[in-house]
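Scroll down for the structure; my scribbles are underneath it.
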Amino acid sequence: MSGDHRNTDFQVNPGSKTNDSHKHKDKHKDKEHRHKDHKKDKEREKAKHSNREGRDSEKKQRDKEKELKHSNGSSDKHRDKQKEKRRDEKVKSSHIDKPKRENENGYASPPHIKSEPDDNGFDPSPKHKPTKRERDDEEFDYKPKKVKKEDEKKAKKRRQDYDDEEEEEDIKPKKKTKVKKGMDGKKPKKEEEEKWKWWEEERATDGSKWRFLEHKGPVFALPYEPLPQHIRFYYDGKQMKLNPPAEEVATFFAKMLDHEYTTKDIFRKNFFKDWRKEMTPEEKSKISDLNKCNFNEMSEYFKAQSEAKKQMSKDEKLKIKEENERILQEYGFCIMDNHKERIGNFRIEPPGLFRGRGDHPKMGMLKRRIRPEDIIINCSKDSKHPKPPAGTRWKELRHDNKVTWLVSWTENIQGSIKYIMLNPSSRIKGEKDWQKYETARRLKKCVERLRAQYRDDWKSKEMRIRQRAVALYFIDKLALRAGNEKEEGETADTVGCCSLRVEHINLHPKMDDQEYVVEFDFLGKDSIRYYNKIPVEKRVFKNLQLFLENKQPEDDLFDRLNTSILNKHLQELMDGLTAKVFRTYNASITLQQQLNALTSPDDNLPAKILSYNRANRAVAVLCNHQRAPPKTFEKSMQNLQTKIDDKQKQLATARKQLKTAKADHKASHDDKSKKMVEMKRKAVQRIEEQLMKLQMQATDREENKQIALGTSKLNYLDPRISVAWCKKWDISIEKIYNKTQREKFAWAIDMAEDDFEF
DNA sequence: AGCATGACTTAGAAGTCCATCT
DNA sequence: AGATGGACTTCTAAGTCATGCT
């Protein structure tokens, strides 16, 4: 996989793309296309079941095709009804052979008091009757080969259950458990009790996420400080003093003056509308045109402020740092089930102007200030409850241990809920992350079966099944996202697999030397463009042509499919399977394969690292993780090239000197000249290495120009693959993961051995 | 039974820090 | 010592997906 196919175009300039034409096509009232007779469907369904085993002959196939096509012509009112009915049917039938889900997520054993290590920590045997979804608990088939003092046969049994392969049990002394705590300086507290290994403990099986939770509540944004008198605002050339509320909102705009956002019509319109709401009647009557507003003094003032901040003395900077540290210590941690855990985002989002991505209809709107009265606190009943700031009160205090958040509030732009949750290094996030990769590994075990199945479904008599099968093929092959439907007009117009529209693909029966090429061009999450041309199998191609019949560009490609239908189907195929598991699976398996393919044992460290990055890059390309090329890219590339050139000159010189030395030695044969030769030889070697390292760096950087590796590394690649790779090649983990990443993946670093296989 | 909503994961950009070079 | 630029951290938007409600 060479990533060749990806176009490198970037985030579409919001506003520049002409995609307005189809906004809001009403997908339900779309004119004719597609309809199938319900009865027919039923019959076919029956027929299908009865002769499922009989291989379709080519002819049958062709007939089916015709039939399908034929049925497309009827009215769509019908179609929608049919769709609904079909959905019903589907739901009904979906109960037939649902895999049993077993145990829950409850705490089988209390995690407090550092318990003895339990190797995989997930007891497959339900201790209580299952309630709702519980899959996955059992899938942690991690087999600790070297765990400290193994005991429990329970663990062993469990291992047996889930791990058909190897059964080794060498009891190795537990390795590096304790983490230097004196080392991180601060934190005299001796808790942190040498890094809690939650992954060696059992998980809850009752759906509760914790049993005890105590925290200090959120940190609110600083109150607004009015501008000094000499910073003025001008309207239509005349100075005008704004009242604090309007002034504050004006400063939000002023601070963004250098940003492209402020040049966009929608942004300006939304901002102005919301700004006016903050104005007094007098202000409102005067200020009627944003173009007549002059925020320059404010803008200059803020620039000066940040400049001044940079120029602060060391002492002052230190003081600020200390104060931040104090706040972090006070609010940045919570106690969850006897362990002190780091909170992810303990600061409430400050007010400001909404910065949506891509062509967002709400960009520029005012994100209002969050007050204690907006806040819901979640904690244990028996904990010390966080106190609201003096004279205020929380909106609500609740004690819900079925959720993981500590604080929440409703945001005013989309009306969605925002949360304060724990850091990725926390048990609660780590367990989930681990579980995610285990689900992906289960998919690995049955993916070939599923592939065979969807290929087969390409021939189905039912349109909805074919659509489902083709969509799944895209999700699998191209790592597309599921593609939920979105409320129109509320967000940027972006799509995923199920929400692809006719206008997003182009079919090329022949293209260059390839057949059946599908060209994708659409905006995905975060309005990142996905552009790709790929050859597909003939059957897929024919199906796509069928799906496109009688449709307008703005119609849904998969009009009989949505994420809910798809996921329900997947759930039936494998417990816990959803569309996004394919992304995780394909990303991780790609990393593993690429590492195997690219790492040569003889390579030196930089070369190995380059291989790793290339493997990582292959995944990033697959997942379409892009970034805007850094503004300083060209320049930094040039700098690097200069360094390389210099190094090359240096090398030439060194070589020349070596040659001279050799000649000298040949002539004199004395000890001194021999030493000289050695010295020069070493010098050459050293410089060669340095040069190579620089060249690797350059290659790496160039290839990385607009590819973002971080997202896949953090969210899609089973960390145990990387850990194993490091161990196998004796590369220190620090070369691959920085400190934060090591904290997040502590579980993997601790448990994966060099022979881990995804 | 469809839809809205809540909870949680994934995402790129912006902001900050810090090492290295000049 | 100050500037520079890249690495790391923070921020918060934008997805996914299951659920609970009507």
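Note that the coordinates shown come from a computational prediction; the quantities given were computed from them, not determined experimentally.
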Using whole Å, what does the distance between atom [atom2] of nucleotide [N] and atom [atom1] of [X] come to?
X      : N      : atom1 : atom2 : result
A/L480 : C/dG15 : CG    : C1'   : 14 Å
A/M363 : C/dT12 : CE    : P     : 18 Å
A/H360 : B/dA11 : NE2   : C1'   : 15 Å
A/I565 : B/dC3  : CD1   : C1'   : 14 Å

Next on the checklist: Can you tell whether the side chains of A/D556 and A/R501 come within less than 4.0 Å, N to carboxylate O?
Outcome noted: no
Exercise. Is the shortest side-chain N to carboxylate O distance from A/K739 to A/E743 below 4.0 Å?
Worked result: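 Between A/E743 and A/K739 there is a salt bridge, with a charged N closer than 4.0 Å to a carboxylate O.
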Partner set under side-chain hydrogen bond (donor to acceptor under 3.5 Å, both in side chains) for A/R398, not counting sequence neighbours:
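So A/R398 forms a side-chain hydrogen bond (donor to acceptor under 3.5 Å, both in side chains) with A/E396.
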A/N484: which residues meet the side-chain hydrogen bond (donor to acceptor under 3.5 Å, both in side chains) condition with it, sequence neighbours left out?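 side-chain hydrogen bond (donor to acceptor under 3.5 Å, both in side chains) list for A/N484, sorted by chain: A/T563.
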Under the ring-ring contact (aromatic ring centres under 6.0 Å, His included) test, which residues partner [X], sequence neighbours left out?
X      : result
A/F267 : A/Y261
A/Y737 : A/F745
A/Y612 : A/W725
A/H625 : A/Y716

The answer to which of A/G496 and A/Q741 contacts DNA chain C further toward the 5' end, by nearest nucleotide, is A/Q741
Counting only side-chain N and O atoms of [X], is one of them less than 4.0 Å from OP1 or OP2 of [N]?
X      : N      : result
A/K367 : C/dA13 : yes
A/N738 : C/dT9  : yes
A/N567 : C/dC17 : yes
A/R529 : B/dG12 : no
A/T578 : C/dC17 : yes
A/H625 : B/dA11 : yes
A/R481 : B/dA11 : yes
A/N484 : C/dG15 : no

Given protein heavy atoms under 4.0 Å, the one-letter contact record of nucleotides 4-9 of chain B, with B base, S sugar-phosphate only and - none, is simply --SBBS
Report the nucleotide, chosen from [options], that has the shortest atom-to-atom distance to any side-chain atom of [X].
X      : options                : result
A/T740 : B/dA11, C/dA18, C/dT9  : C/dT9
A/F354 : C/dT12, C/dA14, C/dG15 : C/dA14
A/R342 : B/dG12, C/dA14, C/dT10 : C/dT10

Original post:
Looking at residues at least two apart in the chain, or sitting in another chain, which of them share a salt bridge (charged side-chain N to carboxylate O under 4.0 Å, His left out) with A/K486?
Top reply: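 A/K486 satisfies salt bridge (charged side-chain N to carboxylate O under 4.0 Å, His left out) with no other residue.
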Under 3.5 Å, side chain of A/T590 to main-chain N/O of A/N586, donor-acceptor pair present?
yes
Which part of the nucleic acid, if any, lies within reach of [X] when heavy atoms closer than 4.0 Å are counted: base, sugar-phosphate only, or nothing?
X      : value
A/A492 : nothing
A/P350 : sugar-phosphate
A/K486 : sugar-phosphate

Identify the pairs formed between an N or O of the protein and an N or O of nucleotides 14-18 of chain B at a distance under 3.5 Å, and give each distance.
from, atom 1, to, atom 2, distance (Å)
B/dA14, OP1, A/H259, NE2, 2.9

